[in-house]
Amino acid sequence: MSLPEVKLSDPKALRGYAHPLRMALIGLLRQHGPLTATQTAERLGESVPNCSFHLRQLAKYGLAERVPGADARERPWRATAHNTSWDDASDDPQVRAATDALSATQLALYTRRAEEFLARRADEPAAWRAVTGFTDRPLYVTADEMGRLTERLEALLAEYDDRVTDPTKRPADSRKVTLVQLAVLTDPPPAEPPAEPPAGTASPHAGPTGPTTAVPGAPRAGSADPTAAETGTPHAGPAGPTTAVPGAPCAGSTGPTAAGTGAPRAGSAGEEPGGQP
């Protein structure tokens, strides 16, 4: 199944969403909503006026909306979709700057969740410790191949989407696990080779070549820095390009996470960056 999604494209909306508390609020609403501003403040340890203000801002960008409630004095809020996504491939410099800021906020939330998991990992059952953790793997692929690989990963994960929206379909011993996908280019793009001089044109030079001067401690031309060698990271769980964090609410593609899960597509977030369950 395909989870409902909100796609942000306006730079102002992208910048507006790039706020830790707003991501936390959306994650909380996706996982536990509808909730009033008072209820979100209690769960997140924030003031009611602060949560109320940021909920109104989220509504302004189409990410949250009010719903009827039993108490006419304070109507609850709900998220308008399970996922939030954005386009990282825009040529508009304002959009690119806004998406970079949003991705940086999302990454900081993922890092915090991972650190919280590591702090309690020793207390987890051995069965869960064996299948969670961190890993990385180098791939040499074209942009098209990376796109197809991402689609295959998303199709595999989509098999579990119905459990997000229908708790009755979750196995009795299931737990919430956050998969964070980070697809990053290890090196900057290669420099373009210098243009060849026209045929018959002599290359200018500064004169005859004289002896070179050796500088003690300086690397020779063409020598490799041994610290630049690429290494793999050992992991405590199965190998893959994702990070599994059990029990952490999702915020990112954007599954039911606050911004959707990692950014497998151009950029996305689910309920993960959300508040504490």
Side-chain angles (χ1 to χ4, degrees), residues 3-6 8 13-71 73-86 101-121 123 164-165 167 175-180 243 245-263 267-277:
L3 295 174
E5 181 177 282
V6 171
L8 302 178
L14 289 164
R15 289 192 297 269
Y17 188 43
H19 189 287
L21 180 54
R22 292 175 190 176
M23 283 190 168
L25 285 166
I26 283 297
L28 193 62
L29 293 179
R30 285 173 175 165
Q31 188 174 7
H32 301 290
L35 295 170
T36 64
T38 299
Q39 291 170 325
T40 62
E42 291 172 349
R43 289 173 179 260
L44 297 177
E46 296 284 343
S47 69
V48 175
N50 198 26
C51 286
S52 181
F53 168 78
H54 287 292
L55 285 167
R56 292 195 301 271
Q57 293 301 304
L58 289 168
K60 178 179 176 181
Y61 303 128
L63 295 166
E65 62 185 5
R66 288 188 181 275
V67 295
D71 187 348
R73 294 175 302 174
E74 187 176 15
R75 293 170 57 193
W77 295 86
R78 70 180 176 189
T80 57
H82 282 279
N83 299 326
T84 308
S85 68
W86 51 91
L102 178 50
S103 295
T105 302
Q106 190 179 12
L107 179 59
L109 288 168
Y110 291 155
T111 302
R112 189 189 72 188
R113 291 289 183 225
E115 290 172 344
E116 291 173 351
F117 166 63
L118 283 178
R120 67 173 189 277
R121 189 170 186 268
D123 300 326
V164 174
T165 56
R175 296 177 62 183
K176 184 175 180 179
V177 176
T178 297
L179 293 177
V180 179
T243 299
V245 182
C250 313
S253 167
T254 90
T257 65
T261 301
S268 62
E271 69 187 31
E272 171 48 32
Q276 299 291 343

> Once you round to the nearest 0.5 Å, how far does CD1 of Ile26 lie from CG of Leu58?
Replying inline: 4.5 Å

> Does Arg30 use its side chain to pair, donor to acceptor, with the backbone of Ala79 at less than 3.5 Å?
Replying inline: no

>> Please give me the minimum heavy-atom distance between Leu8 and Tyr61, naming the atom from each residue.
In response: CD2-O, 4.1 Å

>> Restricting to side chain to side chain contact (heavy atoms under 4.5 Å, CB included), what partner residues turn up for Glu42, sequence neighbours left out?
In response: Thr38

> Quick one: NE2 on His54 to CE on Met23, what's the gap to the nearest 0.5 Å?
Replying inline: 13.5 Å

>> I need the full list of salt bridge (Lys or Arg N to Asp or Glu O under 4.0 Å) pairs touching residues 45-61, with sequence neighbours left out, sorted by first then second residue.
In response: none

> Is a side-chain N or O of Ser52 found less than 3.5 angstrom from the main chain of Ala37, in a donor-acceptor match?
Replying inline: no

> To the nearest 0.5 Å, how far apart are CG in Leu109 and CD in Gln106?
Replying inline: 8.0 Å

>> Salt bridge check, Glu116 against Arg112: does any charged N sit closer than 4.0 Å to a carboxylate O?
In response: yes

> Where is the tightest heavy-atom contact between Leu29 and Trp77, given as atom of each residue plus distance?
Replying inline: CD2-O, 3.4 Å

> Are any non-hydrogen side-chain atoms of Arg43 and Leu35 less than 4.5 angstrom apart?
Replying inline: yes

> Got a second to check how far Leu55's CG is from Leu28's CG, nearest 0.5 Å?
Replying inline: 9.0 Å

